[in-house]
Amino acid sequence: MRDFIRSRMEPECLLPDRISNLPSSLVQTILTLLPIREAYRTSILSRNWRHRCVNLPKLEFDDKLLENSTNSQLSIKCKVVHAIYTVLLLHRGPVLEFSLCVSQLPSCCEIDQIIMHLANNTTVEKFNLVIGLGHSAYKLPSSFFSLKRLIHINLNNCVVQLQSTSFRFERLTSLCFHNVSITNKMLICFISCCPILKSLTLVRSNNVPIGEEKHFVGSDQYSDLVQLFQLLPLIEHLEMNCCPVKCFASGVIPQSLPNKLVHLRALVLHGLSFGKEDELRFVILLVTSSPNLKKIKMEMNYGPTEAMSQTAMNLFDLQDYSYVKLDHLDKLEITNFGDMKPGMDFLKLILAKASMLKKVRVVINNKISVSDEVKMLRDVLWNPCAAVGAQIKFERA
C-alpha cells in the first residue's frame, strides 16, 4: 500500500494512472479488502481519491488499527473510538457490514453510541463485536435490537439481557455466541425471534471466570433442551462446547427429539467427555436425531483418571439404536480420543450406521499406550459392521 501511495505521488508523465480509471465498483472492492487505516490513507492521493472511502459498505476495525500508531499518548480506547467516530461521521451511504474486533479494547459506553448510530442506519446485515477476554464483558444496549436487517451476528465476551421480546430478526441466518453471558430462558427467547436461523454457535472458554457472569444458567429440567432444538427447524450447522451442553443437558435427557433435525449437515462439538453420562447422552441425542448429517467433528476432553459411571459404561448395551440411520454422513473426525468403552462404542455405532462414510480421522491422546492403541485399532477394523470402503485413519496428536 505504501508503494502504491508513493507511486501516486510521482509525476503523471512518468507513470500512467491506471488505477484511478478503474470502474468505481472495482475500486470500492479493492478498498474494502484493505485495512481501514490504509484505505482511508488513499484520500490524500489526489482530489479524485478524496471521497473514495466515504461510501464503503464494509467497515472493519481490528488490531491493525493500532499498528504504527503515532498518538502514543492516547489510551487504546481513545485511539479506537476516535478512529471509529471519524469514519462514521464522514461515511455516506449504507453500511452493510460492521466489525469491531480490537483485542485490547475494553468494554466502554462509547460502544453504545456506535451501535446506536448503526441502528439509525438500518442497513447493517453483518455485525461482529469482539471484546478481549482480559476485560469485563460488554452489555449490549437496547438499540442493538433495532438492527432488524441482520443476517449474521457474532458476539464475543458480551452480556445479553432482553428488556423486551418485541424485536424480530426475520433475516438472521447465522448466530455466533462466544463467551456470551445469557440465561437459558433468554437464549431460547432470542432464538425464537430468529425464525430462519441456519447456523448456531454456542461456545464458552474455560478461561472465563464463572464468578463474574453466569454463562448459560439453566434449569434442572430437560424441557429447555427439547425447546431449544424445536426452535431450530432449519438449522444446518451447529457448534457447541461443554459449557452450554452442561447447562442445557442438566437433568433427564430424552433418547430422541420429538422433531428430527432434518436439515442439520455439520455438527461440531468441543470439550465433551464420553465418560460423563449427561454429555454422552447429549452427543447420542444429536447424532441420532440428525439423519442427514454429512460431517461430524468432535474435540474430546479426555482424562485417564476420570471417574466414569456404570450407566455411561454400558449405555450402548442398554439402549436400542436399530432405528438410527446416517446414510449421508461422509466425514467423521474425533480428536483427543481416549480408550474409554463408551467412546469406542460410539465410534463403532457411527461406523455401523454410516453406509456412505468416506473418511474417518481419529486423533488419539498421547497418554494412550502403544499397546492400547493397537487394541483400539484392531477393535475398530475387525468390526464386521464397519462401513465398507471408509478410509479409517488413526494418529497421535
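Keep in mind that the numbers below use all heavy atoms, side chains included, and drop hydrogens, waters and symmetry copies. All residue numbers in this chain count up from 1 along the given sequence. All values reported here derive from a predicted model rather than from experimental measurement.
- Atoms CG and CG, from Leu202 and Leu238 in turn, are 7.5 Å apart once rounded to the nearest 0.5 Å.
- Note on Val363 and Leu267: separate hydrophobic clusters, where clusters join Ile, Leu, Val, Met, Phe, Trp and Tyr whose side-chain heavy atoms are under 4.5 Å apart, directly or indirectly.
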### Task
Assess whether side chain to side chain contact (heavy atoms under 4.5 Å, CB included) is satisfied between Ile350 and Val360, documenting all intermediate values.
CA-CA 10 Å; Ile350 299 297; Val360 179; over 6 Å; no
### Message
Is there a side chain to side chain contact (heavy atoms under 4.5 Å, CB included) between Asn292 and Leu264? Walk through the geometry before answering.
### Response
CA-CA 6 Å; Asn292 297 315; Leu264 188 61; over 6 Å; no
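- Summarising the geometry of Ser289 relative to Leu257, their closest heavy-atom pair is OG-N, 3.5 Å, with the distance given to 0.1 Å.
- Open room surrounds NZ on Lys297; 12 or fewer heavy atoms of other groups in view lie less than 6.0 Å from it.
- Interatomic distance, NE2 of His152 versus NZ of Lys126, reported as 7.0 Å (0.5 Å rounding).
- Residues Arg149 and Leu96 have side chains not in contact (no heavy-atom distance under 4.5 Å, counting atoms from C-beta outward).
- Considering only residues two or more places apart in sequence or on other chains, Phe229 meets the ring-ring contact (aromatic ring centres under 6.0 Å, His included) condition with none of them.
- Contact between Ala119 and Leu147 at its shortest, heavy atoms only, is CA-CD2, 3.5 Å.
- Members clustered with Leu234: Ile196, by chain and number, using a 4.5 Å side-chain heavy-atom cutoff among hydrophobic residues.
- In this structure, CG on Leu197 lies 10.0 Å from CD on Glu236, to the nearest 0.5 angstrom.
- Using a 4.5 Å heavy-atom cutoff, the side chains of Gln230 and Pro258 are in contact.
- Taking the side-chain contact (heavy atoms from CB on, under 4.5 Å) definition, one finds that Glu110 meets it with Lys77, Val81, Tyr85, Cys108, sequence neighbours left out.
- Smallest separation of non-hydrogen atoms from Pro342 and Phe274: CB-O, 3.5 Å.
- Considering only heavy atoms from C-beta on, Met300 comes within 4.5 Å of Leu272 through its side chain.
- Residues Leu286 and Val283 are members of one and the same hydrophobic cluster, defined by side-chain heavy-atom contacts under 4.5 angstrom among Ile, Leu, Val, Met, Phe, Trp and Tyr.
- Taking the six-membered ring for Trp and the full ring otherwise, Phe190 and Phe169 have centroids separated by under 6.0 Å.
- Relative ring orientation between Phe98 and Phe127 is described as parallel, the plane-to-plane angle staying below 30° on a 0-90° scale split at 30° and 60°.
- The closest donor-acceptor contact from the side chain of Lys353 to the backbone of Tyr321 lies under 3.5 Å.
- A continuous path of ILVMFWY side-chain contacts below 4.5 Å connects Leu377 to Val362, so both sit in one hydrophobic cluster.
- When each of Val203, Ile182, Leu200 is checked for a side chain to side chain contact (heavy atoms under 4.5 Å, CB included) with Phe177, only Ile182 meets the rule.
- No side-chain donor-acceptor contact under 3.5 Å links Arg361 to the backbone of Thr335.
- Once rounded to the nearest 0.5 Å, the distance linking OG of Ser136 with CG of Asn157 reads 7.5 Å.
- For the pair Phe61 and Val87, the minimum side-chain heavy-atom distance is below 4.5 Å.
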### Task
For the pair Leu232 and His263, evaluate side chain to side chain contact (heavy atoms under 4.5 Å, CB included) and give the outcome as yes or no after the intermediate values.
CA-CA 9 Å; Leu232 299 170; His263 294 282; over 6 Å; no
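- Summarising the geometry, atom OG belonging to Ser369 is positioned 7.5 Å from atom CG belonging to Asp339; distances are rounded to the nearest 0.5 Å.
- Considering Val268, Leu329, Leu269 in turn, Leu329 is the only one that fulfils the side chain to side chain contact (heavy atoms under 4.5 Å, CB included) rule with Ile296.
- Grouping the Ile, Leu, Val, Met, Phe, Trp and Tyr side chains by contacts below 4.5 angstrom, directly or via other members, places Val160 with Ile131.
- The shortest side-chain heavy-atom distance between Phe394 and Val380 falls under the 4.5 Å cut-off.
- Two different hydrophobic clusters hold Ile151 and Leu140 under the rule that ILVMFWY side chains link at heavy-atom gaps under 4.5 Å.
- Considering all non-hydrogen atoms of both residues, Val226 and Pro254 come closest at CG2-CG, 3.9 Å.
- With His178 contributing its side chain and Asn154 its backbone, the two residues share no donor-acceptor pair below 3.5 Å.
- Proximity of a side-chain donor or acceptor of Asn241 to a complementary backbone N or O of Arg204 within less than 3.5 Å is detected.
- Across all their heavy atoms, Asn365 and Asn336 have their closest contact at ND2-OD1, 2.5 Å.
- Note: Leu285 CG to Leu261 CG = 8.0 Å, rounded to the nearest 0.5 Å.
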### Message
Would Lys375 and Asp372 count as a side chain to side chain contact (heavy atoms under 4.5 Å, CB included) here? Give the steps.
### Response
CA-CA 5 Å; Lys375 293 178 182 178; Asp372 287 338; 4.2 Å; yes
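- With a 4.5 Å cut-off on side-chain heavy atoms, Glu239 and His270 count as touching.
- Using a 4.5 Å heavy-atom cutoff, the side chains of Glu170 and Pro195 are in contact.
- Heavy atoms only, all atoms of each residue included: Asn128 and Cys101 are closest at CB-SG, 4.2 Å.
- The environment of CD in Glu395 is crowded: more than 12 heavy-atom neighbours from other residues, nucleotides or ligands sit within 6.0 Å.
- Annotation: side chain of Asp345 is in contact with side chain of Lys348 (closest heavy-atom distance under 4.5 Å).
- Checked by atom type and distance alone, the side chain of Asp330 never pairs as donor or acceptor with a backbone atom of Lys358 at under 3.5 Å.
- Of the N and O atoms on the side chains of Tyr138 and Asp112, at least one donor lies less than 3.5 Å from an acceptor on the other residue.
- Of the residues Asn156, Val130, Asp63, Ile76, the one that meets the side chain to side chain contact (heavy atoms under 4.5 Å, CB included) test with Ser103 is Asp63.
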